[in-house]
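Reviewing the structure listed below.
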Number of protein chains: 2
Amino acid sequence: MKNQDIENVILFQIDKTSKISKQYSQREFDQKKLGITIEQWILLKIIEETQPISQRELADKSLRDPASITRTLDILEKKQLIQRKPIPNNRRQYHIELTIQGNTFVKNNMEMIKAHRRKSIEGLSSEEIESLRTILLKIQKNMS
Amino acid sequence: MKNQDIENVILFQIDKTSKISKQYSQREFDQKKLGITIEQWILLKIIEETQPISQRELADKSLRDPASITRTLDILEKKQLIQRKPIPNNRRQYHIELTIQGNTFVKNNMEMIKAHRRKSIEGLSSEEIESLRTILLKIQKNMS
DNA sequence: TAAAAATTATTGATATATCAATGGTTTATT
DNA sequence: AATAAACCATTGATATATCAATAATTTTTA
């Protein structure tokens, strides 16, 4: 394998790691019949942490396009996990909130998610994890 | 921000880094009017490194679904950057190869890509890069 | 205050991600 | 050799990614 082959590119390895991890979690979601995707879960989690939140903020925090957020929220709304609440004196935005079922759903599955997080860093020292965090932030700055 | 907030999750930061970097490169592609996406570029690069290659191998190396490969190759074929060549005594697979234009295209843009790679690791020591590589591999193993 | 500029969510169009199903083909088993 | 099993590429269906355009609204500027 040559030096400049794509497998040796650090950005490729970063993407690969992300893909593998998402596939792992999605498989677990499917096995447990959660009926949602990873991207949907991430939105639910952000909403839970920040509610009420606007779609624009959701887009920023999840690094996704507002158009994409609109469509995913439509799905989550149909599943009755979130709701768009009108804001008084503001007819341009909505307050996005979890429904009662949405809150329960997040609570019920949080332990599994935490297990995934723990599993991802198994065998890593806290120094390695902190180093990883620092390096990733530097790369993010470089590419911003 | 709470400890278990999603911004503190290392997998979230990995994904964020990947997204930011891809967006950076795509912006450059668009500015330079390359007329292709990052995913298309990655396929072209893998083909260049390995040609001839089958679609199954392409899927494995790029960590993408064979169905997705089929569709992207259709696009690249229309752009006359790749070709599917029949394999003698094998009517199940194709040899995927770059066309002459495809080879030229990759060569012409390789310098820009290398610049992106350099930019991504600006300010990082070689120890940090090697450490990053090692840690990512460990996470990949954990989640496989 | 009126006009201009910026913001927010939505929709359309195209590309990608994934699973399931299909059809054709090759390899393994008996 | 015939059957079964495995494999490969493709297509359909649904979800996501992104840009561009739009409509409605809010904020800024003149």
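Residue numbers start from 1 in every chain, and the chains themselves are labelled A, B, ... in the order their sequence lines are given, proteins ahead of strands.
- The residue B/Gln40 sits close only to the backbone: its heavy atoms come under 4.0 Å of sugar-phosphate atoms, none of a base.
- When every heavy atom of B/Ser144 is checked against every heavy atom of A/Ile20, the shortest pair comes out as OG-CG2, 3.9 Å.
- Between D/dA9, C/dT16, C/dA9, one nucleotide has an atom nearer to the side chain of B/Glu39 than all others, and that is C/dT16.
- For B/Gln23, the side-chain atoms get nearest to D/dT18 when compared with the rest of D/dT25, D/dT18, D/dA9.
- Nearest approach of A/Ser21 to B/Met143, heavy atoms of both residues: OG-CG, 3.6 Å.
- When the C1' atom of D/dT14 is taken as reference, atom CD1 of A/Ile36 falls 16 Å away, rounded to whole Å.
- Between B/Phe105 and B/Trp41, the ring-plane angle classifies as tilted under the 30° and 60° cut-offs.
- Atom-to-atom, CD1 of A/Ile96 to C1' of C/dA9 comes out at 10 Å; the value is rounded to the nearest Å.
- The CD1 atom of B/Ile47 sits 10.0 Å away from the OG1 atom of B/Thr99 when rounded to the nearest 0.5 Å.
- Protein atom CD1 of B/Ile38 is 17 Å distant from nucleotide atom C1' of D/dT16, rounded to whole Å.
- Atom pair A/Ile87:CD1 and C/dA9:P shows a separation of 8 Å (rounding to whole Å applied).
- One can place OH of A/Tyr24 at 23 Å from P of C/dA17, the figure rounded to the nearest angstrom.
- To the nearest angstrom, C1' of D/dA24 lies 13 Å from CD of A/Gln93.
- Note: CG (A/Leu58) to C1' (C/dT8) measures 13 Å, nearest angstrom.
- Note on A/Asn90: only backbone sugar-phosphate atoms sit closer than 4.0 angstrom, heavy atoms only; bases stay farther off.
- Under a cut-off of 6.0 angstrom, the local environment of OH in B/Tyr94 is sparse, with at most 12 non-hydrogen atoms contributed by other residues, nucleotides or ligands.
- Nearest-nucleotide assignment on DNA chain C puts the 5′-proximal partner with A/Gln55, out of A/Arg27 and A/Gln55.
- Counting distance only, with no hydrogens placed and no angle test, the side-chain atoms of A/Arg92 and the base atoms of D/dT25 include a donor-acceptor pair under 3.5 Å.
- At a cut-off of 3.5 angstrom, the base of D/dC8 holds no donor-acceptor pair with the side chain of B/Arg56.
- At whole-Å resolution of the value, CG in B/Asp15 and P in D/dT16 are 14 Å apart.
- Surrounding NZ of A/Lys19 are more than 12 heavy atoms belonging to other residues, nucleotides or ligands, all under 6.0 Å away.
- The residue among A/Arg91 and B/Tyr94 whose nearest nucleotide of DNA chain D is located toward the 5' end is B/Tyr94.
- Contacts with DNA chain D (heavy atom under 4.0 Å) in residues 63-85 of chain B: B/Pro66, B/Ala67, B/Thr70, B/Arg71, B/Arg84, listed by number.
- In terms of heavy-atom proximity, B/Leu76 sits nearest to B/Gln40 at CD2-CB, 3.9 Å.
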